[in-house]
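Below: the structure, in structure tokens.
Order of the sequence lines sets the chain letters (A, B, ...), proteins ahead of strands, with each chain counted from 1. Everything quoted here is computed from the prediction, not taken from an experiment.
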Amino acid sequence: MDASLSLTFPDGAKRPFPIGITGAAIAGGISPSLLKRTVAMALDGEVRDLSDPITADARIEFINREDPRALELIRHDCAHVLAEAVQELFPGTQVTIGPVIENGFFYDFHREQPFTLDDLPVIEKKMREVIARDRPFTKQEWSRYKARSFFETKGEAFKVELVDAIPADQTLKMYAQGDWIDLCRGPHMTSTGKVGNAFKLMKVAGAYWRGDSSKPMLTRIYGTAFARQEELDAHLKQIEEAEKRDHRKLGREMDLFHFQDEGPGTVFWHAKGWTMFQELIAYNRRRIRRDYEEVNAPQILDKSLWETSGHWGWYQENMFAVKSAHAFMNPKDESADQKVFALKPMNCPGHVQIFKHGLKSYRDLPIRIAEFGIVHRYEASGALHGLMRVRGFTQDDAHVFCTEEQLEAEIMKINDLMMSVYRDFGFTEVVVKLATRPEKRVGTDAMWDHAEAILRKALGRMEAESGGAIKTGVNEGEGTFYGPKFEYTLRDAIGRDWQCGTTQVDFNLPERFGAFYIGSDGEKKQPVMVHRAIVGSLERFLGIIIESHAGHFPLWLAPEQVLVCPITSDADAYAERVTEAMLAHGLRARADLRNEKINYKVREHSLAKVPVIIAVGKREADETTVTVRRLGSQAQTVMSLADCIASLTDEATPPDLKRAKAALAGG
RNA sequence: GCCGGCGUAGCACAGCGGUAGUGCAGCGGUUUUGUAAACCGAAGGUCGGGAGUUCGAUCCUCUCCGCCGGCACCA
């Protein structure tokens with residue numbers, strides 16, 4: 001008799017089994033129906049093929065399709081089914097990889113003629129056939145040689161490359177589903193039928209082999225799958241909802257901004273969008289007034305300055321160069337001014353120049369220079385995306401020049417400010433990641449060691465002192481060419497993550513530009529420079545605000561706060577009086593005196609997402625009251641004009657001012 | 001930049017080898033209205049730019065530009 005092992009079941013029962021018994025045998029031994037509904041098992045919490053022989057004592061759980069842990073298997077199996085379907089339909093198509101991703105899976109194929117959207121329904125149909133065949137997934141271990149020659153014979157060049165890339169000490173696992181077989185790490189469910197029908201192919205896209213733009217481009221087919229149809233439907237519905245709050249769509253509908261062909265990646269801010277933009281700047285300006293000096297540096301500067309900073313060398317492809325139009329058109333004309341300027345892609349060199357102007361003492365430090373700096377970067381055409389990725393944008397930028405001793409305190413101070421700003425905009429979940437030295441960089445390793453050590457220490461403090469609001473991590477090799485940085489990522493109302501803030505420690509630019517201060521010993525000292533942006537790009541941040549609120553802005557940000565609508569023209573004069581009173585109290589109010597029914601106006605202003613609609617008729621005029629209707633509610637509230645203004649002005653007070661008011665009131 | 005798709009009136013969309021329609025908005029009139037669309041009328045477009053094929057191109061081909069979905073990139 002074989003030696004035995006002991007398995008612990010979820011109910012706590014321990015039972016002995018012969019070594020090498022499979023999960024399937026155990027499940028089948030308990031009951032045929034258990035075996036039937038089990039798609040995989042977990043040994044000590046690790047998901048495994050049900051057919052795996054068990055070789056040691058463990059906790060065993062049987063996983064059915066509805067188990068949350070099965071979702072990944074369903075998606076992964078679905079990717080295999082997709083690959084089989086594609087190869088059956090389109091012989092000669094090469095397979096590469098097909099991983100599970102957030103919300104679904106994809107599979108990358110190589111085919112002379114890339115797939116298009118029209119191919120998806122056909123492929124889906126074939127997938128349903130493959131699933132209906134319900135072939136078991138069977139695992140085999142192959143030698144490297146066998147796998148390599150197998151794929152070579154089939155003309156699967158990419159798979160050959162994958163086989164070669166697997167470390168020599170690892171075994172090669174092949175999963176067969178009927179006649180179709182693929183190199184795969186596993187695990188899989190018991191058969192293709194377990195994938196079910198709650199799947200959908202979503203889109204096709206190009207993707208570079210191994211994520212490398214110098215390598216061939218493959219066709220990626222994205223799909224998603226769920227255990228049950230209702231979950232798939234809910235997911236599709238959610239995508240639809242997300243599309244409705246797309247800032248590009250809302251920007252058009254709400255008349256906030258537009259783009260046009262002549263200015264790719266640059267924003268035409270309309271009055272309403274610009275109102276929000278200015279409100280954002282005003283807020284940020286109030287937040288920095290105490291500690292920073294706000295400056296404004298030139299938009300174009302001689303290219304030599306950018307050579308000194310290193311940007312010209314590292315980022316030339318992404319910079320706009322500027323010459324006189326005459327010189328541009330007549331590059332050979334030596335009598336013309338052929339000087340080349342760069343449209344600034346960053347504010348730091350400008351701020352260094354301001355720092356350098358005049359002798360600085362150690363007593364002056366830290367010097368914090370802020371600018372709502374408009375920068376231009378020539379982003380790749382394919383990178384442009386509404387307000388989220390543009391070629392001209394405004395940074396809430398600042399540079400702190402300080403001593404090394406002051407550095408950590410400055411970083412923590414910046415962190416406090418950032419967290420406070422994010423809270424004011426309703427973002428409470430923040431992830432801060434330390435991005436360490438990249439391959440392409442300037443400065444000595446000693447410098448980097450030092451800078452990273454300081455940031456690491458600060459990172460630990462941030463997490464510890466945040467009371468759980470900050471989670472931290474490390475992005476190896478993701479730092480800037482001149483220094484390591486923190487990246488602040490916010491999670492919005494619908495769970496999407498946005499990288500906004502950044503704090504960068506820089507020992508290099510001050511040196512390159514020869515910036516110094518006079519130390520207490522009378523000697524010249526080099527300051528440390530900290531680059532920081534809180535919301536990053538104001539354009540982008542507004543895009544995030546638009547999407548996370550789906551256009552239903554908090555009152556203080558709403559471009560139009562109040563619309564006053566008379567019921568009939570008899571109340572026009574009163575409506576104007578109400579509007580004037582609101583305007584006088586700083587509210588953004590407007591009277592709608594058009595000859596339209598109240599129904600029409602309510603509908604129109606509701607669709608325009610105006611937060612407050614006020615209707616006034618004879619009744620209100622006689623009593624100096626207003627009838628208030630709030631966006632998102634059908635309720636009508638009658639109140640005195642004075643009360644209404646008092647409550648709206650309070651609500652429209654920006655969060656920072658509200659805090660100050662409350663502090664005052666609290667004594 | 002790369003792969004695929006798309007580009008028709010301010011917006012949302014039809015259409016198609018014989019130079020274009022619908023709805024909403026806008027404009028003119030009628031209507032004075034109590035909380036999500038009153039009625040009537042007239043008007044509005046070198047069908048993204050350029051070139052080619054054709055007797056004839058919004059439609060087919062090429063090319064450029066832009067946008068969309070991804071990939072790559074993001075100081």
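Counting heavy-atom neighbours within 6.0 Å of A/Gln238 CD, excluding the residue itself, gives a total of 12 or less. Counting non-hydrogen atoms of neighbouring residues, nucleotides and ligands closer than 6.0 angstrom, the NZ atom of A/Lys356 exceeds 12 such neighbours.
Nucleotide B/C73 holds its P atom 12 Å from the CG atom of A/Asn318, rounded to whole Å. With rounding to whole Å, A/Leu387 atom CG is found 22 Å from B/C74 atom P. Between A/Trp209 atom CH2 and B/A72 atom C1' the separation is 16 Å, expressed in whole Å. One atom, CD of A/Gln395, and another, C1' of B/C74, lie 12 Å apart when rounded to the nearest Å. Between the P atom of B/C73 and the CD atom of A/Glu439 lies a distance of 12 Å, rounded to the nearest Å. Straight-line distance from the NE2 atom of A/His385 to the C1' atom of B/A72: 17 Å, rounded to whole Å. Straight-line distance from the CG atom of A/Asp255 to the P atom of B/A25: 16 Å, rounded to whole Å. Between A/Met319 atom CE and B/C74 atom P the separation is 16 Å, expressed in whole Å.
If you take atom C1' in B/G34 and the same atom in B/G28, they sit 28 Å apart, rounded to whole Å. Taking atom P in both B/G26 and B/C39, one finds a spacing of 14 Å when rounded to whole Å. Rounded to the nearest Å, the gap between the C1' atom of B/G17 and that of B/G29 is 43 Å. Using C1' as the reference atom, B/C47 and B/G15 are 11 Å apart when rounded to the nearest Å. If you take atom P in B/G41 and the same atom in B/G23, they sit 12 Å apart, rounded to whole Å. Taking atom P in both B/C3 and B/U8, the straight-line distance is 24 Å, to the nearest Å. Rounded to whole Å, the separation between the C1' atoms of B/C27 and B/A20 comes to 22 Å. Across the P atoms, B/C6 and B/C60 are found 10 Å apart, a figure rounded to whole Å.
Between A/Asp108 and A/Thr96, the closest heavy-atom pair is O-OG1, 2.6 Å. Between A/Val322 and A/Leu343, the closest heavy-atom pair is CG2-N, 4.1 Å.
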Reading 5' to 3' through nucleotides 34-46 of chain B, protein heavy-atom contacts under 4.0 Å coded B for base, S for sugar-phosphate only, - for none: BBBBB--------
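In this structure a side-chain-to-backbone donor-acceptor pair under 3.5 Å is missing from A/Glu410 to A/Cys402. Between the A/Thr224 side chain and the A/Asn103 main chain, a donor and an acceptor come within less than 3.5 Å of each other. In terms of modelled atom types and a separation under 3.5 Å, the side chain of A/Arg629 and the main chain of A/Gln636 share no donor-acceptor contact.
No donor-acceptor contact under 3.5 angstrom links the side chains of A/His399 and A/Asn347, judged on distance only. Checking A/Thr489 against A/Gln499 by side-chain atom types alone, no donor-acceptor pair falls below 3.5 Å.
Counting any heavy atom pair closer than 4.0 Å across all strands shown, A/Ser213 reaches sugar-phosphate atoms only and no base atom. Among the protein residues, A/Gly310 comes within range of no part of the nucleic acid, since none of its heavy atoms lies under 4.0 Å from any strand. At a threshold of 4.0 angstrom between heavy atoms, the contacts of A/Tyr482 are confined to the sugar-phosphate backbone, with no base atom among them. A/Arg248 comes within 4.0 angstrom of sugar-phosphate atoms only, judged by non-hydrogen atoms across all strands, and of no base.
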Report each atom pair, protein N/O against N/O of nucleotides 2-7 of chain B, whose distance is under 3.5 angstrom.
from, atom 1, to, atom 2, distance (Å)
B/C2, O4', A/Tyr208, OH, 3.3
B/C3, O2, A/Gly206, N, 3.1

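Annotation: of the two residues near RNA chain B, A/Tyr222 and A/Thr480, the 5′-most nearest-nucleotide partner is A/Tyr222. Place A/Ser569 and A/Phe259 on RNA chain B by their nearest nucleotides, and A/Ser569 ends up nearer the 5' end.
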Report, one line per pair, each donor and acceptor closer than 3.5 Å where one atom sits in a side chain of residues 113-124 of chain A; sequence neighbours left out.
from, atom 1, to, atom 2, distance (Å)
A/Thr116, OG1, A/Asp118, N, 3.3
A/Asp119, OD2, A/Thr116, N, 2.8
A/Glu124, OE2, A/Leu201, N, 2.8

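Among residues two or more places apart in sequence or in another chain, the salt bridge (charged side-chain N to carboxylate O under 4.0 Å, His left out) test is passed with A/Asp261 by none.
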Should A/Tyr107 and A/Phe105 be marked as a ring-ring contact (aromatic ring centres under 6.0 Å, His included) after you check the CA-CA gap, both sets of side-chain angles, and the distance that decides it? CA-CA 7 Å; A/Tyr107 208 111; A/Phe105 62 89; 8.9 Å; no
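Ion pairing between a basic and an acidic side chain is recognised when a charged N comes within 4.0 Å of a carboxylate O; A/Asp246 and A/Arg248 show such pairing. At a threshold of 4.0 Å, the pair A/Lys601-A/Glu604 does not count as salt-bridged, since none of the basic side-chain nitrogens sits closer than that to a carboxylate oxygen. Between A/Lys249 and A/Glu243 there is no salt bridge, since no side-chain N of the basic residue sits under 4.0 Å from a carboxylate O of the acidic one.
OP1 or OP2 of B/U33 has not a single side-chain nitrogen or oxygen of A/Arg594 nearer than 4.0 Å.
If you check distances only, the side chain of A/Arg389 does reach the base of B/C73 with a donor-acceptor pair under 3.5 Å.
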Represent RNA chain B in dot-bracket notation, 5' to 3'. Only Watson-Crick or G-U wobble pairs with both distances under 3.5 Å count; pseudoknot-style crossings use [ ] and interstrand partners use |. (((((((..((((....[..))))..((((.......))))......(((((..]....))))))))))))....
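A side-chain contact (heavy atoms from CB on, under 4.5 Å) with A/Phe401 is found for exactly one of A/Ile354, A/Val528, A/Ile369, namely A/Ile369.
Contact check of residues 235-244 of chain A against RNA chain B (heavy atom, cut-off under 4.0 Å) returns no residues at all.
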